[in-house]
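Structure record follows, encoded as structure tokens.
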Amino acid sequence: MQFPAPKGYRQRHPPQPRCPDALGREVSKYGSLVVTGRISADLPLSSSAMTTPRKICVITGTRAEYGLLRWVMQGIKDAPELELQIIATGSHLVREFGDTYKEIERDGFSIDRKVDMLMASDTPVGVAKSMGIALLGFADALADLSPDLIVVLGDRYEILAAVSAAMVARIPIAHLHGGETTEGAFDESIRHSLTKMSHLHFVAAAPYRDRVIQLGESPETVHLVGGLGVDAIKRVKLLDRAQLEASLNFRFGKRNLLVTFHPVTLESDSAGRQMNELFAALDTLPDTHVIFTLPNADTDGRSLIRQVNDYVATRPHCRAYPSLGQLRYLSCIAQVDGVVGNSSSGVAEVPSFGKGTINIGDRQRGRLMADSVIQCAPERASIEQALTTLYSPAFQATLVHTVNPYGTGGASTKIVEVLKSVDLSNMLKKSFYDLDVSGGPIER
């Protein structure tokens with residue numbers, strides 16, 4: 001049975017043929033001669049095969065994920081040894097979430113395929129069906145593009161579908177930001193599943209490298225590069241306050257907060273209640289201007305979007321945006337007094353600005369956190385206490401000494417260098433790397 005392509009899917013480029021060698025024989029994408037369906041590793045390569053750029057397909061499904069991948073993509077694009085392919089999917093292609101694929105194009109990238117997969121429903125049934133649609137779309141897209149390796153980041157369900165399609169298509173997989181833990185979301189299980197399905201790993205901190213190895217991955221395939229969010233902070237020239245206010249059509253006040261609150265996907269029927277607790281705490285600060293970035297396309301995400309839009313509609317000192325884009329988002333962090341919510345950005349990127357983060361609830365529980373992160377429960381009283389701490393002179397005085405556990409930048413360059421040089425020819429077959437369970441140290 002042949003399934004129709006998902007709505008919005010467009011084939012822009014035909015599949016690339018295998019290149020012939022000097023004798024007209026077919027050469028595989030790995031540069032080996034194809035003989036009766038088998039690869040012969042001991043025959044000489046033609047010059048055309050050796051000079052063919054390695055095709056690296058980057059798959060992105062959300063605004064935040066693209067912000068982290070952006071400089072890896074630029075490095076791939078700029079490398080003569082590599083050919084960048086891009087598949088956009090998920091909330092990138094939905095107007096409700098800001099049509100953020102346009103940001104990718106504004107940054108000078110060409111999107112090779114769009115896999116439209118989000119259903120109107122964000123119930124558990126709707127999300128599961130979206131994953132099924134995504135699997136169909138990625139099967140076609142990867143068959144058309146025939147990449148030598150795909151690059152994915154994080155823990156999203158659309159990426160699980162993409163990696164599943166790549167795995168059965170025998171395409172090597174590089175996974176970024178593995179080994180991390182988020183105990184309040186099903187992203188935790190997806191992230192570790194992606195690790196086991198991947199062949200090359202780029203992690204943000206030493207404990208995360210240890211965890212990937214603990215999952216049975218060979219140490220030589222696990223590269224400690226630091227956090228990608230720090231790279232963007234180092235590379236982007238931020239807007240000043242006047243430029244940012246003009247771009248947002250919003251005036252900052254004497255005090256300002258940036259709020260992002262996503263569903264906690266392992267806690268049933270609590271997202272709306274937790275959001276209301278946050279609203280009640282914010283209402284105790286009527287002189288504080290608040291910028292909301294809307295939740296992403298998770299289970300129950302749309303109900304939270306409605307709550308935020310209803311809240312800001314009656315409060316002129318508050319404004320909500322489906323997507324700020326990386327430049328405006330980072331510029332907002334630089335201008336506000338602190339970041340509030342349960343986004344990974346508050347943990348991984350905000351500390352580099354020397355700003356405080358109020359991390360609400362369990363969604364990010366388990367991640368490495370700087371001293372600038374204030375933990376609180378998803379309850380009004382706890383959030384109010386955290387806001388009091390954030391604005392206290394004693395806490396503010398500590399921020400100048402903040403050290404971000406995700407490093408100081410350079411991850412993108414390190415990743416691209418590995419992508420250029422790593423041997424892909426024998427990557428698909430992995431051996432489980434066993435640890436000394438007697439308590440011996442993990443090799444680094």
Side-chain angles (χ1 to χ4, degrees), residues 56 58 60 62-79 82 84 86 100 103-104 106-109 151-154 174-180 201-209 223-241 243-244 247 258 260 291 293 323-339 343-357 364 367-373 398-420:
I56 308 295
V58 178
T60 173
T62 71
R63 68 196 185 203
E65 174 198 65
Y66 169 66
L68 298 176
L69 288 168
R70 190 249 184 273
W71 295 105
V72 175
M73 293 163 61
Q74 189 65 54
I76 295 170
K77 181 181 178 182
D78 293 342
L82 304 176
L84 175 64
I86 299 172
T100 50
E103 182 180 349
I104 302 173
R106 282 194 296 268
D107 285 338
F109 297 110
V151 173
V152 297
L153 183 146
H175 183 217
L176 284 54
H177 276 270
E180 302 175 18
H201 311 273
F202 298 97
V203 298
Y208 300 152
R209 181 176 186 268
H223 301 268
L224 174 56
V225 297
L228 284 165
V230 182
D231 266 18
I233 296 168
K234 298 290 185 181
R235 292 174 182 249
V236 173
K237 182 180 179 181
L238 303 180
L239 304 174
D240 62 30
R241 178 167 288 210
Q243 292 171 323
L244 184 56
S247 179
L258 178 62
T260 306
I291 294 173
T293 60
S323 175
L324 291 172
Q326 185 182 70
L327 175 60
R328 294 196 301 179
Y329 180 76
L330 295 177
S331 299
C332 278
I333 296 174
Q335 296 297 330
V336 300
D337 303 311
V339 173
S343 170
S344 61
S345 176
V347 173
E349 288 131 44
V350 174
S352 293
F353 287 87
K355 297 293 179 79
T357 297
Q364 300 302 330
R367 288 194 192 271
L368 295 176
M369 296 194 186
D371 293 339
S372 58
V373 180
T398 68
L399 294 177
V400 69
H401 305 295
T402 299
V403 175
N404 191 334
Y406 295 91
T408 58
S412 302
T413 300
K414 296 173 186 175
I415 291 169
V416 172
E417 288 304 310
V418 173
L419 294 179
K420 289 193 292 187

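Numbers here simply count residues along the sequence, with the first being 1.
Here the side chains of Val236 and Trp71 are in contact, with some heavy-atom distance below 4.5 Å. For the pair Val225/Val203, no side-chain contact is recorded, criterion being any heavy-atom separation below 4.5 Å from C-beta on. Under the 4.5 Å side-chain criterion, counting only non-hydrogen atoms from C-beta, Val350 is not in contact with Val373. Residues Lys355 and Ser372 form no side-chain contact, since every pair of their non-hydrogen atoms from C-beta on lies 4.5 Å or further apart. Between Gln74 and Val416 there is no side-chain heavy-atom pair separated by less than 4.5 Å. Ile76 is listed as a side-chain neighbour of Val58, based on a closest heavy-atom distance under 4.5 Å. Here the side chains of Val151 and Leu419 are in contact, with some heavy-atom distance below 4.5 Å.
Note that CD of Glu65 and CG of Leu176 are 10.0 Å apart. Values are rounded to the nearest 0.5 Å. Taking CG of Asn404 as the reference point, atom CZ of Phe353 lies at 10.5 Å (rounded to 0.5 Å). Rounding to the nearest 0.5 Å gives a distance of 5.5 Å between CD of Glu349 and CD1 of Ile233. Atom CG in Leu238 sits 13.5 Å away from atom CZ in Arg328 (nearest 0.5 Å). Atoms OG and CE, from Ser412 and Met73 in turn, are 11.0 Å apart once rounded to the nearest 0.5 Å. Put simply, CD on Glu103 and CG on Leu324 are 9.5 Å apart, with the number rounded to the nearest 0.5 Å.
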Q: Would you check, one step at a time, whether the test side-chain contact (heavy atoms from CB on, under 4.5 Å) holds for Leu228 with Ile415?
A: CA-CA 10 Å; Leu228 284 165; Ile415 291 169; 3.9 Å; yes

Q: With side-chain contact (heavy atoms from CB on, under 4.5 Å) as the test, would you mind laying out the steps for Val418 and Phe202 before giving the verdict?
A: CA-CA 10 Å; Val418 173; Phe202 298 97; 3.7 Å; yes

Q) Are Leu224 and Lys414 close enough, and set up right, to give a side-chain contact (heavy atoms from CB on, under 4.5 Å), and what steps lead you there? A) CA-CA 9 Å; Leu224 174 56; Lys414 296 173 186 175; over 6 Å; no

Q: Test side-chain contact (heavy atoms from CB on, under 4.5 Å) on Val339 and Thr260 and set out the steps.
A: CA-CA 8 Å; Val339 173; Thr260 306; 5.8 Å; no

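Remark: the backbone N or O of Gln243 is not paired with any side-chain donor or acceptor of Ser247 at under 3.5 angstrom. At distances below 3.5 Å, not a single donor-acceptor pair connects side-chain atoms of His175 with backbone N or O atoms of Leu153. At least one donor-acceptor pair under 3.5 Å links the side chain of Arg241 to the backbone N or O of Gln335.
Using a 4.0 Å cut-off between a side-chain N of Lys or Arg and a carboxylate O of Asp or Glu, Glu417 and Lys420 qualify as a salt bridge.
The side-chain tip of Lys77 points at the ring of Phe109 from less than 6.0 angstrom away and within 45° of straight on.
When all heavy atoms are compared, the tightest approach of Gly346 to Pro351 is O-CD, 3.6 Å. Contact detail for Ser345 and Ile333: the closest heavy-atom pair is OG-CD1, 4.3 Å. Across Tyr406 and Val230, no two heavy atoms sit closer than the pair O-CG2, 4.0 Å. The shortest heavy-atom contact between Ile291 and Cys332 is CD1-SG, 3.9 Å. Taking every heavy atom of both residues into account, Val347 and Met369 meet most closely at CG1-CG, 3.8 Å. Across all their heavy atoms, Gly67 and Gln326 have their closest contact at O-NE2, 2.6 Å.
Heavy atoms from other residues, nucleotides or ligands lying under 6.0 Å from CG of Asp371 number 12 at most.
Side-chain N/O atoms of Ser323 and Tyr329 include no donor and acceptor closer than 3.5 Å.
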